[in-house]
Asks: 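Once you've had a glance at the structure underneath, I'll fire off some questions.
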Amino acid sequence: MAEEKKSLNFLEQIVEDDIKAGKNGGRIHTRFPPEPNGYLHIGHAKSICLNFGLADNYGGQTNLRFDDTNPVTEDTEYVESIKADVRWLGFEWENELYASDYFDQIYDFAVTLIKKGLAYVDDQASDMIAAQKGSPTVPGEESPFRYRTIEENLDLFERMKAGEFADGEKVLRAKIAMDHPNMHMRDPLIYRIKHATHHRTGNKWCIYPMYDFAHGQCDSIEEITHSVCTLEFDVHRPLYDWFIEKLGIFPSKQYEFARLNLSHTVMSKRRLLQLVNEKIVSGWDDPRMPTISGLRRRGFTPASIRNFCEKIGIAKRDNLIDVGVLDFCVREDLNKSAARVMAVLDPLKVVITNYPEGQTELLSIENNPEDIESGKREVPFSRELYIEREDFMEVPAKKFFRLGPGLMVRLKGAYIIQCDDFVKDAAGNVTEIHCSYVPNSRSGEDTSGLNVKGVIHWVSIEHAITAEVRNYDRLLIIEDSSQVGDQFKKFLNPESLTVIPQVFVEPSLKDAEIGKSVQFMRKGYYCLDPDTTADKLIFNRTVSLKDTWAKEKNK
RNA sequence: UGACCGAUGGUGUAAUGGUAACACUACGGUUUUUGGUACCGUCAUUCAUGGUUCGAGUCCAUGUCGGUUGACCA
């Protein structure tokens, strides 16, 4: 019995060590903690797969917890989209929770801190507080309000809660050390006044805890064992631990991993929002967006995204993953499942001169050579066809295995044809080509003995239906958007969306379902966009097929 | 210029002191009624220097480079 040793990432290692040491009775409990102020993106998918995966693999549970401590920016619209996206990715949470569920408890935690002399109300304006913070190399100064009595702090904090003060008039701060080398430990703000309506608690509260005084407390209340977050929270960990220790509550532990950076796109919520607000994209679900909803509309499958997250790994060093990896994952998945169909995107008319006028025959073509179970469909063939313009060359290049004067190709699932002649317009463009077919070369019953190298796709003009095609490509022309900051808009790819208003597709596509992926043979994977109407089919390109001829051609 | 984190092929991720591996990309080739898929092959003395050790990618020290961190955001 060959024992295959699966290599562990550093978090799995920690979890296994903890289980071995009997920590928390061997219990594993993680959480995915989005703030409901934006849509989920592929970076969140990495975190979702990590948190749910860790729990799944070690018999644990995962909570979905909305980090809703800032009523000004948060909304239920986002809550709903986040839930839908997590489910679509294939995960089911143990408990649906909200930081706002714990506002009473967190308030009590603050009171506890005040009573221990570890928190105080500061009356200063934010710029004053900021000035007193000092800098990484210069110690901060203590607030003149730092040594108020416990009674006074208790009274003031209660009156903050009661709504006696305006926004910004007072804050509650933890009393740690103004000369701490870690800036986050210099008496951080833990409560602020915001007279705003919260999406869940309405107007019950006018004070709200800050992230640092909410996240770890929620983790602790839920007895989360492994609180996994991204690297930038590393510097918050001493504070995370400080609150838990001073409060004497369940000791959740925080661990940090490197967030996903994807090439040729932007990932920060702020920049994605900018693309939406400035109408550079059509919305959060624009197929060019790295959002889960954008990827879904683009035609990515949940399995392809999960595989992607598995493939890129978990570590602590900064990384930049090439979008090509995502392309690979979706091709890998769709290759097995997507039905093959024929679509001509850039038509060139072909007349089969020796095929009877008015005759039609139905050819039976397999739906997917990778999946015999998928069966066959009937495709109509007739005298006049469209083929792809790029499949004909007036003066064929070396190694061009398609049509040109005197050259032969197989029409996929049909006959072998030979190009006899072509017609040009006044401008010198080829407008149609004349071919003759080999009657005994019909696919599956070929007795011609001919062996042609090229196989091309086609549609019967008489039977074809039309559709709009939206070809998507990478959002940016540069790999690493982190190097250009807010200048990223200067590097938008003008070809991130190319619309082809009218293409010709085989009639079976009349019954295409929204969101279902198909392969346009020799072109790429496409899926029907929700913008589709009764009289207009719209297909999004998920990803093109690999094209080694494109490379050969450019040699 | 403080604190913290990191450094392994073009890109990611492994190797848990004992022969540097896997995937993607790229480049060759085989198969193919998709120039797709599948399959085969090619591409590395682990940032530098010193130390510990029989043995170091791994441990220690110093340096270099990169990242994070100073919102009444999370």
Side-chain angles (χ1 to χ4, degrees), chain A residues 5-10 13 33-35 37-38 67-70 72-74 99 122 125-126 129-130 133-140 167-173 180-186 189-194 207-208 210-212 214-215 229-238 256 258 263 269-270 311-322 324-325 327-329 331-332 335-336 340 342 365-366 369-370 399-402 409-414 416 443-444 446 452-457 479 482 519-524 544-553:
Chain A
K5 206 187 290 172
K6 185 184 168 282
S7 70
L8 304 176
N9 65 49
F10 78 100
Q13 188 64 250
E35 185 191 9
N37 71 343
D67 223 333
D68 55 351
T69 56
N70 187 356
V72 183
T73 55
E74 295 154 4
D122 197 333
S126 63
I129 293 176
K133 273 250 150 129
S135 77
T137 49
V138 179
D167 287 9
E169 209 176 319
K170 287 184 167 37
V171 291
L172 185 69
R173 291 227 255 168
H180 201 286
N182 182 334
M183 298 292 287
H184 292 277
M185 299 295 272
R186 319 247 264 222
L189 271 64
I190 61 179
Y191 258 96
R192 76 291 214 191
I193 300 171
K194 275 181 193 282
I207 57 171
Y208 294 91
M210 299 285 290
Y211 167 84
D212 285 309
H215 199 98
C229 61
T230 45
L231 252 26
E232 68 269 27
F233 291 100
D234 180 298
V235 276
H236 293 244
R237 181 150 36 85
E256 309 85 20
S263 75
K269 251 184 222 177
R270 203 172 63 76
K311 201 174 289 278
I312 59 177
I314 300 293
K316 292 193 77 159
R317 67 188 90 102
D318 293 317
N319 59 79
L320 179 62
I321 310 286
D322 197 292
V325 180
D327 291 346
F328 170 82
C329 290
R331 284 193 191 107
E332 184 184 43
N335 176 50
K336 292 178 292 189
R340 273 57 170 172
M342 294 195 284
I365 305 181
E366 77 275 7
E370 302 295 316
K399 293 197 200 168
F400 184 72
F401 310 131
R402 307 179 195 175
V409 288
R410 153 93 50 198
L411 293 172
K412 173 67 192 178
I416 293 172
S443 214
D446 184 356
V452 296
K453 177 130 178 129
V455 179
I456 64 172
H457 61 280
E479 274 200 331
S482 75
Q519 184 196 100
F520 287 177
M521 288 198 92
R522 306 207 301 138
K523 286 291 163 191
S544 66
L545 251 34
K546 277 211 261 175
D547 185 357
T548 51
W549 167 246
K551 275 178 281 188
E552 181 69 30
K553 194 169 50 177

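Throughout, protein chains are lettered first and strands after them, A, B, ... in sequence-line order, and every chain is numbered starting at 1.
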Asks: Taking only the P atom of each, what is the distance from B:A7 to B:G55 in whole angstrom?
Replies: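 Their P atoms lie roughly 25 Å apart.
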Asks: Taking atom C1' in both B:C54 and B:A44, what distance in whole Å separates the two?
Replies: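 Pairwise C1' distance, B:C54 against B:A44, rounds to 26 Å.
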Asks: Under 6.0 Å between ring centres, would you say that holds for A:W549 and A:F401?
Replies: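 Not close enough - the centres of the two rings lie 6.0 Å or further apart.
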Asks: What is the separation between atom CZ on A:F328 and atom C1' on B:C22, rounded to the nearest whole Å?
Replies: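 Atom CZ in A:F328 sits about 12 Å away from atom C1' in B:C22.
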Asks: Distance between the P atoms of B:G63 and B:C4, in whole angstroms?
Replies: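 Between the two P atoms, the distance is 14 Å.
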Asks: From B:U33, B:C72, B:U16, pick the nucleotide closest to the side chain of A:R192?
Replies: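 So the nucleotide nearest the side chain must be B:C72.
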Asks: If only side-chain N and O atoms of A:R270 are considered, is one of them under 4.0 Å from the OP1 or OP2 phosphate oxygen of B:A74?
Replies: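 Answer is no, no contact under 4.0 Å.
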Asks: Answer yes or no: does a side-chain N or O of A:K194 lie under 4.0 Å from OP1 or OP2 of B:C73?
Replies: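 True: A:K194 side-chain N/O within range (under 4.0 Å) of B:C73 OP1/OP2.
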Asks: Which stems, defined as runs of 3 or more consecutive Watson-Crick or G-U wobble pairs with both pairing distances under 3.5 Å, involve RNA chain B?
Replies: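 So the stems come out as B:2-7 with B:64-69, B:10-13 with B:21-24, B:26-30 with B:38-42, B:47-51 with B:59-63.
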Asks: Look at the side chain of A:R410 and the base of B:U33, then say whether one donor and one acceptor between them are separated by less than 3.5 Å.
Replies: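 Per atom types, the contact qualifies.
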Asks: In whole angstrom, give the distance that lies between atom CZ of A:R186 and atom C1' of B:A71.
Replies: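 After rounding, the reported distance stands at 16 Å.
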Asks: Below 4.0 angstrom from OP1 or OP2 of B:U16, is there any side-chain N or O of A:S7?
Replies: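 No, no such contact exists.
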Asks: Rounded off to whole Å, could you give me the CE-to-C1' distance for the A:M342 and B:G36 pair?
Replies: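 Between C1' of B:G36 and CE of A:M342: 15 Å.
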Asks: Using only modelled atom types and a 3.5 angstrom limit, is any donor from either the side chain of A:R402 or the base of B:G35 paired with an acceptor on the other?
Replies: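 Yes, a donor-acceptor pair under 3.5 Å.
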Asks: Pick the P atom in B:C72 and in B:A15, then give their distance to the nearest Å.
Replies: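 Roughly 41 Å separates the two P atoms.
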Asks: Could you measure between the two P atoms, the one in B:A26 and the one in B:G10, and give it in whole Å?
Replies: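 That atom pair is separated by 16 Å.
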Asks: Would you say the side chain of A:R340 lies within less than 4.5 Å of the side chain of A:E370, judging by non-hydrogen atoms?
Replies: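 Yes, side chains in contact.
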Asks: May I ask whether A:Y211 stacks on the base of B:A74, given the cut-offs of 5.5 Å between ring centres and 30° between planes?
Replies: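 The base of B:A74 is not stacked with A:Y211 (the test needs centres under 5.5 Å and planes under 30°).
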Asks: State whether A:K546 places a side-chain N or O below 4.0 Å from either non-bridging phosphate oxygen (OP1 or OP2) of B:U37.
Replies: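 True: A:K546 side-chain N/O within range (under 4.0 Å) of B:U37 OP1/OP2.
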Asks: Can you check the A:D318 CG to B:C5 P distance for me, whole Å?
Replies: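 One finds 14 Å between P of B:C5 and CG of A:D318, rounded.
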Asks: Taking CE from A:M183 and P from B:C73, how many angstroms apart are they, rounded to a whole number?
Replies: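 My rounded result for the distance is 17 Å.
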Asks: When the distance from CD of A:E366 to C1' of B:U33 is rounded to whole Å, what number comes out?
Replies: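 Between C1' of B:U33 and CD of A:E366: 8 Å.
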Asks: What is the distance, to the nearest angstrom, from the CZ atom on A:F233 to the C1' atom on B:C73?
Replies: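 That distance rounds to 9 Å.
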Asks: Regarding A:E370, tell me which of base, sugar-phosphate or nothing describes its non-hydrogen contacts under 4.0 Å with the strands shown.
Replies: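 Touches a base.
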Asks: Roughly how far apart, to the nearest Å, are B:C24 and B:G66 at atom C1'?
Replies: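 These two C1' atoms come out 24 Å apart once rounded.
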Asks: Counting only distance, no hydrogens or angles, is the base of B:U33 paired donor-acceptor with the side chain of A:S443 under 3.5 Å?
Replies: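 Answer is yes: a donor-acceptor pair is held.
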Asks: Below the 4.0 Å mark, does B:G36 have OP1 or OP2 next to a side-chain nitrogen or oxygen of A:T548?
Replies: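 For B:G36, OP1/OP2 do have a side-chain N/O of A:T548 under 4.0 Å.
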Asks: Quickly work out the A:N335 CG to B:U32 C1' distance and round it to whole Å.
Replies: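 So the two atoms are 13 Å apart, to the nearest Å.
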Asks: Less than 4.0 Å between a side-chain N and a carboxylate O, is that true for A:D446 and A:R410?
Replies: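 Yes.
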